[in-house]
Protein chains: 2
Amino acid sequence: MLNVDDVVISLAHARTRIGRVSVAEEVADLLRERIIEGVDEPGTQLLETEIADQLAISRNTLREAFRLLGHERLLEHRRNRGVFVRVLSAEDVADLYRVRRVIEVAAVRRSKEAPPAVLASIKEAVADAERAAAQDDWKAVGTANSRFHQALVTLNQSPRLDESMRHLLAELRLVFHVMKNPRSFHEPFVARNRELLALIEAGEGQAAAGYLESYLDEAEQMLLRAYEPTG
Amino acid sequence: MLNVDDVVISLAHARTRIGRVSVAEEVADLLRERIIEGVDEPGTQLLETEIADQLAISRNTLREAFRLLGHERLLEHRRNRGVFVRVLSAEDVADLYRVRRVIEVAAVRRSKEAPPAVLASIKEAVADAERAAAQDDWKAVGTANSRFHQALVTLNQSPRLDESMRHLLAELRLVFHVMKNPRSFHEPFVARNRELLALIEAGEGQAAAGYLESYLDEAEQMLLRAYEPTG
DNA sequence: CGCTAAGGATTGTTGAACAACTCGACAAGA
DNA sequence: TCTTGTCGAGTTGTTCAACAATCCTTAGCG
């Protein structure tokens with residue numbers, strides 16, 4: 001687990017790097033990490049003065065970082081009330097899966113033209129997930145699974161779609177944390193990823209598209225079942 | 001003596017105060033409009049002090065607006081050098097059309113489940129384009145055409161995809177301005193929009209998808225031909 | 001001709017100040 | 001009791017001035 005003091009130290013160190021980016025972006029990276037790791041739970045208010053003091057940066061700089069994360073939908077900005085870690089509604093989850101179906105299915109439909117490098121990264125993600133599953137490390141399975149789907153999207157060969165997918169997966173992390181039992185959520189899909197990979201390697205774009213469609217339908221249902229009661 | 005108009009006006013005024021957004025967002029709206037309309041040409045540097053003075057706002061607030069537009073890819077941020085109106089490369093244009101093919105084709109594929117309200121807005125955009133074309137108002141044709149494609153995307157029933165499309169079309173405006181002859185670019189598609197609409201109304205999702213695919217291919221080619229020489 | 005150093009311009013970041021707004025607590029009145 | 005008005009503490013919104021960091025140009029030098 002991250003703790004604030006470690007973070008301050010690493011931040012101070014990072015700032016001495018030569019290729020450094022703006023402080024606002026560094027802070028955004030830091031906060032993003034905390035949010036998708038679940039350190040700051042959805043609904044938590046992030047107080048400007050408090051965080052600015054802790055990170056030893058000015059409020060103005062912090063506000064720039066907030067803007068960035070707001071645009072990524074990880075933070076919610078309520079005017080004159082503050083910024084809060086985004087709370088996703090069931091409708092948000094449904095929408096995210098709508099987008100996934102559009103972007104990911106379009107990707108696998110182009111299996112036939114898949115570049116070797118892309119195939120390799122997909123394969124690697126599948127293998128990583130299997131390895132992690134064998135070791136009962138379900139958090140790692142989740143990470144590998146994200147990489148798998150991110151790799152699928154690169155079949156589209158579109159930098160913009162890649163970025164959209166990155167943001168989408170980060171947003172989904174806000175939901176994953178409500179899963180009490182990550183194993184039950186991730187386990188079924190380890191084998192499915194392998195099967196989907198086989199279809200892609202065979203150049204069966206149409207079949208892969210159909211397979212992925214029901215794959216995503218089921219994932220969405222599982223997530224919504226676990227999510228609705230609490231929300 | 002009070003009269004009814006005074007009351008209405010004061011209420012309207014109060015409403016604008018209540019609904020008003022932050023200064024940064026207002027400024028972002030203003031700058032976005034200028035960029036989209038081509039007032040500030042691609043490549044133009046936007047000086048912080050100069051614009052902040054002109055708009056009578058602080059540099060900090062202006063920088064927040066810059067961030068917003070940077071995230072929409074209308075501005076390019078070069079660290080320690082300033083912000084510039086984005087200059088799209090041919091590769092950018094190709095990528096934008098890749099995204100369009102994914103998002104728009106997925107939309108029309110669902111023609112069969114099209115809600116009446118969506119069909120109506122698509123129809124309206126087609127009619128507007130035809131009307132504007134008849135009056136030789138090619139700028140209006142372009143606007144109607146944008147609305148047409150934006151309406152197509154709503155077939156996906158996804159707010160996130162709607163927003164992506166809005167940003168995408170705004171970004172494309174950066175390119176449209178290089179077209180010396182807007183008529184030659186827009187004219188061929190007025191009739192095509194009508195034909196595509198017919199396929200959608202008939203629920204021919206598959207056919208509509210194929211039709212739109214080649215439609216977009218051709219539009220991309222036309223744009224790239226006009227763009228490459230200058231770029 | 002190429003390299004370096006200095007200077008000017010612009011952005012990056014800070015800290016403080018004040019205005020605007022939210023929200024809860026409490027009092028006054030129906 | 002319920003509603004309404006008022007107050008005050010706390011937070012965000014915005015501005016301002018200052019200085020540091022960086023880039024670009026140009027002048028001087030070998």
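When the side-chain nitrogen and oxygen atoms of A/Thr61 are compared with OP1 and OP2 of C/dG12, none of them lie within a distance under 4.0 Å. Listed pair A/His77 / D/dT11 fails the phosphate criterion, with no side-chain N or O lying under 4.0 Å from OP1 or OP2. Side-chain N/O atoms of B/Arg81 include one lying less than 4.0 angstrom from OP1 or OP2 on D/dC24. Under 4.0 angstrom from either OP1 or OP2 of C/dG15 there lies no side-chain N or O belonging to A/Arg59. Proximity of A/Arg79 to the phosphate of D/dT14: a side-chain N or O atom is located under 4.0 Å from OP1 or OP2.
Per the geometry, CD belonging to B/Glu76 stands 15 Å off C1' belonging to C/dT11, to the nearest Å. Rounding to whole angstrom units, CZ of residue A/Arg63 and C1' of C/dT14 are separated by 15 Å. Residue B/Asn80 contributes atom CG, which lies 10 Å from atom P of C/dT11 at whole-angstrom precision. When the C1' atom of C/dT13 is taken as reference, atom CD of A/Glu25 falls 14 Å away, rounded to whole Å. With rounding to whole Å, A/Glu64 atom CD is found 15 Å from D/dG13 atom C1'. Taking atom CG of residue A/Leu62 and atom C1' of nucleotide C/dT13, one finds them 13 Å apart after rounding to whole Å. Rounded to whole Å, atom C1' of C/dG15 lies 11 Å from atom CG of B/Asn60.
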Tabulate atom names and distances for all N/O pairs under 3.5 angstrom spanning the protein and nucleotides 5-8 of chain D.
none

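Of the residues in residues 46-58 of chain B, those placing a heavy atom less than 4.0 Å from an atom of DNA chain D are B/Ala56, B/Ile57, B/Ser58, in numerical order.
Between B/Phe189 and B/Phe148, the ring center distance fails the sub-6.0 Å criterion.
In this structure, the separation between CZ on A/Arg225 and CZ on A/Phe185 is 10.5 Å, given to the nearest 0.5 Å.
A/Thr61 and A/Ser58 share a side-chain donor-acceptor pair at under 3.5 Å.
Between A/His149 and A/Tyr215, the ring-plane angle classifies as perpendicular under the 30° and 60° cut-offs. Using a 30° and 60° split on the angle between ring planes, A/Phe176 and A/His186 fall in the perpendicular class, above 60°.
The side chain of A/Gln45 lies closest to D/dT12, out of C/dT14, D/dT12, C/dG12.
Residues B/Ala226 and B/Met179 approach most closely at CB-SD, 3.6 Å, considering heavy atoms. In this structure, A/Ala151 and A/Val118 approach most closely via the heavy-atom pair O-CG1, 3.9 Å.
Under a 3.5 Å cut-off, the side chain of A/Arg98 and the backbone N or O of B/Gln157 do form a donor-acceptor pair.
Side-chain atoms of A/Val153 and A/Asn156, non-hydrogen and from C-beta on, do get closer than 4.5 Å to each other.
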